[in-house]
Structure formats: C-alpha cells, structure tokens
> 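The structure's right below; bear with me while I get my questions together.
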Amino acid sequence: MKRQEYNMSNPNAKMTKWNFTTLWFGAAVSVAEIMTGALVAPLGFKKGLTAILVGHLLGTLLLILGGVIGSQQRLSAMESTKISFGNYGSYLFSILNVLQLLGWTAIMILTGARSINLVTIKDYGFDHLWVWCLVIGVLIAIWLYFGQNASKKLNSLAVCLLFVLTIVLCFVIFKSDKILTQPSTSGLSFGEAVELSVIMPLSWIPLISDYTRFAKTTKDGAIGSFIGYMFGSSWMYIIGLGAALAFNQVDPVAVLMSANLGLFAVGIVVLATVTTTFMDAYSAGISVTTIFPKLNGKHIALIVTAIGTLLAVIFPIEKYEGFLYTIGSFFAPLYAILLTDYFILKRTSISKSLKIDWIAFITWILGVFIYRKFVQLDFFLGATVPSMILICVIYIVVQFVINKLVRKQIGGEKNVNYE
C-alpha cells in the first residue's frame, strides 16, 4: 500500500540510533530556533546559557518520554492520545496538531525566505520574498515526495553539511570578546528564558512518536532523539544568544553577511528550513490519517506544504513567541495526562470500546487554565514543568477518588477498569 510505504510501516524500515540523531539534529537546526535563542540575550551570556541548558534538559526529557510511548506501543503521536482520551477524544488533538503544524510550516517557510531575501537584496538587488517562499515550498515537497526511507540518507548528508556550516557560524560569532562581558539587562526573567527553552522541544512532542514507532529498539529511539535534539537545539539557541550579544542581530544570515559569507548563509537557511519543515508537513499528514485512515498521508503532507507556502506568501507572521505559548497551553496539559496514565497509572493500551474519556478531557481543560496561570506567575523553572507536575497530581487524585467511589458502589470489587 502506498500509505504504508510513506509512513515507514514496512517492518524492514527500522530506524537506528544514528538515524534518530541526524533526524532530530536536522530538525533542531533552524532559523526559528536561532532567533528564539536571541530572545534570551537580556540575561547576558552566562545566565542566558544556564537558562538555555536547564530549559532544554527539562523539555527534551519530556520529548523523549513522549517518544518512548510510540516506540513501545508502535503508535503514532496522535494515536497514542487514544490511550488517555479515547478514540473520539483523540480527534480533537489531531485537529489541533494539524493546525499547529500548518502554522509551523508557514512560519518556517517565511523566516527562511526572509533570510535568503536579505542575501539576494544585498548581493544582487533581487527583492522578491514570495519567490523564495515558493522555492522553499517546492524543495520541501520534493523531500516529501521521495518518502521517509529515501530521506534518511538525504537527511544524514544534509546534517553533515549543516554541522559544517554551523561551525562556520559559531566561528564568526564567538570570535568576538564582547559576548562574555555583556551585562544582563531588564526585560526578561530567568524563568521566562527557561520557558522559551522548554517550549521548543515541547512543540515537537506531538510529532516524535510518528518517528520513534519505527525505532529498532526503544533505547535507540530515546538516546538518538535526545542527543540529536538536545545538542542541536541548545547549540542553535546559544548561537542566537551569541549573535544578539555580539552583533545586536537576531537573524544569523545578517551576521554571516557582515562577514561576507552570504553563500554559507543561504546554505544554512535552505538546508535547515527543509529538514525541519519536512517533519512538520509529514506529521500533519499522519495526524489527518488518524481521523481518516483511508486518506493518503503523503498527499495530505503535500497539501499542507502548499497551504503553508500560500500562508507564508499572503499572511506575513511577524512574531511567533505568542504562538509558542499557545502550543504549550494545549499540549503541555495533554501530555501531562498521557505521560501520567502511561508511566504512573500503567494504562498502556487503547480500548476499542472507549469513545471519549471525560475525566481526562475535563482535566485537560483545567490544565489549559493552570498552564496559563503559571505563565503569569513567572516561576524560575518556567510554566511548563511546574504546571505539568500539578496537572499530574490532580489527575492521579481524581482517578484515585473516582476509582474508590466506583469500587464502593459495586461492592468493593478489587480491579476496576478506568473505562
């Protein structure tokens, strides 16, 4: 079947630790991550570096836990939500996931196109942003067309090139001695900086099982994904932090242009945008097939790429920090409940008879409110981790109380199913 070929359900298509390392390093190397790292600059280099590493450690651990479910149960990311929320309950999250992935597709294409446009304006006087949006969109579509199996080899090659190009970028930025001496300023707290670092890996958690379900072993999927994303994303944030401190620039292309390295800038932007945005479009296709299994995921991914490209051309997105917080407000409570069910309450299988779990769904709604309140409180560990811990505790207590009431009602039966 074509859909099986596309989503790698061929039993021989097992991904190794190296595949996951290159996959997630490629996903992490993006202009968006560098620009987000630049937002941490008000803390100065030392405090900013600490916030980046702490936030990424917490966020990537959450990301890996989400991926473990996929590798152990061989479920896609949105299929795994059926464990807690039921078959119909997972449809809502599939729709939300498609919307956020469509948004990410448009954001990544637009930020990439703008960076390339800077180079072509300076060197050639060519100022047509929409052209570069279309070019990037076409390259992503080509990447999707060849399928994930073919992309594994292409991704390994692309990541090697990205590695070299980012070393050049680091050399340009960190040769300046101004970085370590820049004092911290007002405008951003340590907790906000941690949250900006947590929220980026969290934005990938609704995707990771789409890939880890094909891991050779759970260990391969977990270790490879952790190394690839933790190293790659932290590095991009640090580059963004350094660029903002040394050059007062948030766009890495502008930094490279100042060193007359325009071609390197174009190479980084094109490769980084394609290897990252490909995953967004691919997982959007998988999410749609969770609701409509008969549809072809590859075709849906190509449609998402086309719509994302059109949005990038028509609706320029100036700021995406609020978009990241919106993602967190929906998916942090969702995965607080799912991870609690799976790892603590040992609820590991999907019930065909359970249409929607109202306890989990109502807790999720409460969790969205809790997350938004924690954003306002400005905890030193950000909003995501403390809010998820509180949601986890609330969910366990509610399940315990309801389980106890049901047992009492049916005369003290020892084992009561959550369903």
Side-chain angles (χ1 to χ4, degrees), residues 62-63 65-70 73 75-103 199 202-210 283-284 286-293 325-375 383-407 409-410 416-419:
L62 290 172
L63 176 67
L65 289 175
V68 166
I69 299 176
Q73 301 299 322
L75 295 171
S76 69
M78 290 301 101
E79 284 176 332
S80 69
T81 64
K82 294 179 181 179
I83 294 173
S84 292
F85 296 91
N87 290 284
Y88 291 166
S90 70
Y91 294 166
L92 170 65
F93 302 113
S94 295
I95 293 169
L96 290 174
N97 197 36
V98 171
L99 290 176
Q100 71 113 350
L101 291 173
L102 181 60
I199 205 70
L202 184 70
S203 70
W204 287 105
I205 199 171
L207 287 73
I208 187 170
S209 287
D210 294 343
S283 287
I286 298 301
S287 293
V288 171
T289 58
T290 300
I291 306 174
F292 304 104
Y325 281 123
T326 301
I327 293 172
S329 69
F330 291 132
F331 288 100
L334 161 62
Y335 277 91
I337 293 168
L338 179 58
L339 295 177
T340 301
D341 259 334
Y342 192 84
F343 292 103
I344 299 176
L345 300 179
K346 304 302 179 182
R347 188 179 182 183
T348 59
S349 60
I350 297 174
S351 171
K352 294 182 180 179
S353 62
L354 181 61
K355 301 303 181 184
I356 184 168
D357 188 315
W358 288 106
I359 298 172
F361 191 73
I362 292 170
T363 306
W364 172 74
I365 294 174
L366 176 63
V368 173
F369 174 79
I370 290 172
Y371 176 86
R372 292 184 179 276
K373 285 298 179 182
F374 268 92
V375 170
T384 297
V385 174
S387 65
M388 289 182 74
I389 292 173
L390 179 58
I391 294 165
C392 170
V393 172
I394 291 173
Y395 186 63
I396 291 173
V397 171
V398 170
Q399 288 285 14
F400 175 79
V401 171
I402 291 177
N403 194 27
K404 190 173 181 179
L405 289 173
V406 172
R407 286 185 178 185
Q409 184 177 358
I410 64 176
V416 177
N417 195 304
Y418 287 114
E419 301 160 18

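What you are looking at is a predicted structure, and each value in this text was computed from that prediction instead of being measured.
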> For S203 and Q100, work out which heavy atoms get closest and say how close.
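Shortest heavy-atom contact: O-NE2, 3.7 Å.
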> Can you see which heavy atom on S387 is nearest to which on F374, and at what distance?
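What the structure gives for the nearest pair is CB-CD1, 3.7 Å.
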> Do Y335 and L65 make a side-chain contact, defined as non-hydrogen atoms from C-beta onward lying under 4.5 Å apart?
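Of all side-chain heavy-atom pairs linking L65 with Y335, none is under 4.5 Å.
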> Does some side-chain heavy atom of I391 sit less than 4.5 Å from a side-chain heavy atom of L366?
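No. Closest side-chain heavy atoms not under 4.5 Å.
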> Measure the shortest side-chain to side-chain distance between I199 and L202 over non-hydrogen atoms and say whether it is less than 4.5 angstrom.
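In short, these two side chains touch, coming nearer than 4.5 Å.
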> So, the side chain of D210 versus the backbone of A77: is there a donor-acceptor pair under 3.5 Å, distance only?
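Pair found, side chain donor or acceptor close to backbone of A77.
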> Counting only heavy atoms not in F343 (residues, nucleotides, ligands), do more than 12 fall under 6.0 Å from its CZ?
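Check passes, neighbour count above 12.
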> Given 3.5 Å as the limit, does a donor-acceptor pair link the side chain of W364 with the main chain of A336, or not?
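Not a single qualifying donor-acceptor pair exists.
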> Rounded to the nearest 0.5 Å, how far does CD1 of I205 lie from CG of L334?
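Between atom CG of L334 and atom CD1 of I205 there are 8.0 Å.
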> Hey, which of L92, V98, I95 is the one that makes side chain to side chain contact (heavy atoms under 4.5 Å, CB included) with I291?
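For I291, the side chain to side chain contact (heavy atoms under 4.5 Å, CB included) test succeeds with only one of L92, V98, I95, which is I95.
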> State whether the side chain of S209 and the backbone N or O of I69 hold a donor-acceptor pair below 3.5 Å, judged by distance alone.
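No: the side chain of S209 does not pair with the backbone of I69.
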> Atom NZ of residue position K355 - does it have more than 12 heavy atoms of other residues, nucleotides or ligands inside 6.0 Å?
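It does: K355 NZ has more than 12 such atoms within range.
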> With rounding to the nearest 0.5 angstrom, report the CD to CD1 distance, Q399 to I344.
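The CD atom of Q399 sits 12.0 Å away from the CD1 atom of I344.
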> Does Y88 form a ring pair (Phe, Tyr, Trp, His ring centres under 6.0 Å) with Y91? I'd like the steps, not just the answer.
CA-CA 5 Å; Y88 291 166; Y91 294 166; 5.7 Å; yes
> Report yes if the side chains of V398 and I362 come closer than 4.5 Å at any heavy-atom pair, otherwise no.
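V398 vs I362: side chains apart.
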> Specify the closest pair of heavy atoms between Y371 and A332, including all atoms of both residues, with the distance to one decimal.
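Of all heavy-atom pairs spanning Y371 and A332, the closest is CD1-CB, 4.1 Å.
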> How many angstroms lie between atom CD1 of I396 and atom CG of N403, to the nearest 0.5 angstrom?
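One gets 13.0 Å once the value is rounded to the nearest 0.5 Å.
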> List the steps and the verdict of side chain to side chain contact (heavy atoms under 4.5 Å, CB included) for L75 and I350.
CA-CA 10 Å; L75 295 171; I350 297 174; 3.8 Å; yes
> Given 3.5 Å as the limit, does a donor-acceptor pair link the side chain of R347 with the main chain of I83, or not?
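The answer is yes, because a donor-acceptor pair under 3.5 Å joins these two groups.
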> Would you give the length of the straight line joining atom CD1 of I389 to atom CD1 of I394, rounded to the nearest 0.5 angstrom?
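So the gap between those two atoms works out to 12.0 Å.
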> Using 30° and 60° as the class limits, which term best fits the ring planes of W358 and F361: parallel, tilted or perpendicular?
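It falls in the perpendicular class, over 60°.
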> Quick one: closest heavy-atom pair of P333 and V368, and the distance?
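Scanning both residues completely, I find the closest heavy atoms to be CG-N, 3.6 Å.
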> Using a 4.5 Å cut-off on heavy atoms from C-beta on, say whether the side chain of M388 contacts that of T384.
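In short, these two side chains touch, coming nearer than 4.5 Å.
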> Taking atom CG of L345 and atom OG of S84, what is their separation to the nearest 0.5 Å?
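The CG atom of L345 sits 8.5 Å away from the OG atom of S84.
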> Kindly indicate whether the side chain of S287, heavy atoms from C-beta on, has any atom under 4.5 Å from the side chain of M78.
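Heavy-atom side-chain distance check passes, below 4.5 Å.
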> Nearest heavy-atom pair of F85 and A360: which atoms, and what distance?
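Smallest heavy-atom distance, with atoms named: CE2-O, 3.4 Å.
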> Can you tell if the side chain of T290 reaches within under 4.5 Å of the side chain of S76, non-hydrogen atoms only?
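Result yes, sub-4.5 Å side-chain heavy-atom pair found.
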> Would you check if N87 and I356 make a side-chain contact, meaning some heavy-atom pair closer than 4.5 Å?
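They are not in contact (no side-chain heavy atoms under 4.5 Å apart), so the answer is no.
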> If every non-hydrogen atom of T81 is compared with every non-hydrogen atom of S90, which pair is closest and at what distance?
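Distance-wise, the nearest heavy atoms are OG1-CB, 3.1 Å.
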> Quick one: CG on L63 to CH2 on W204, what's the gap to the nearest 0.5 Å?
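Nearest 0.5 Å value for the CG-CH2 distance: 9.5 Å.
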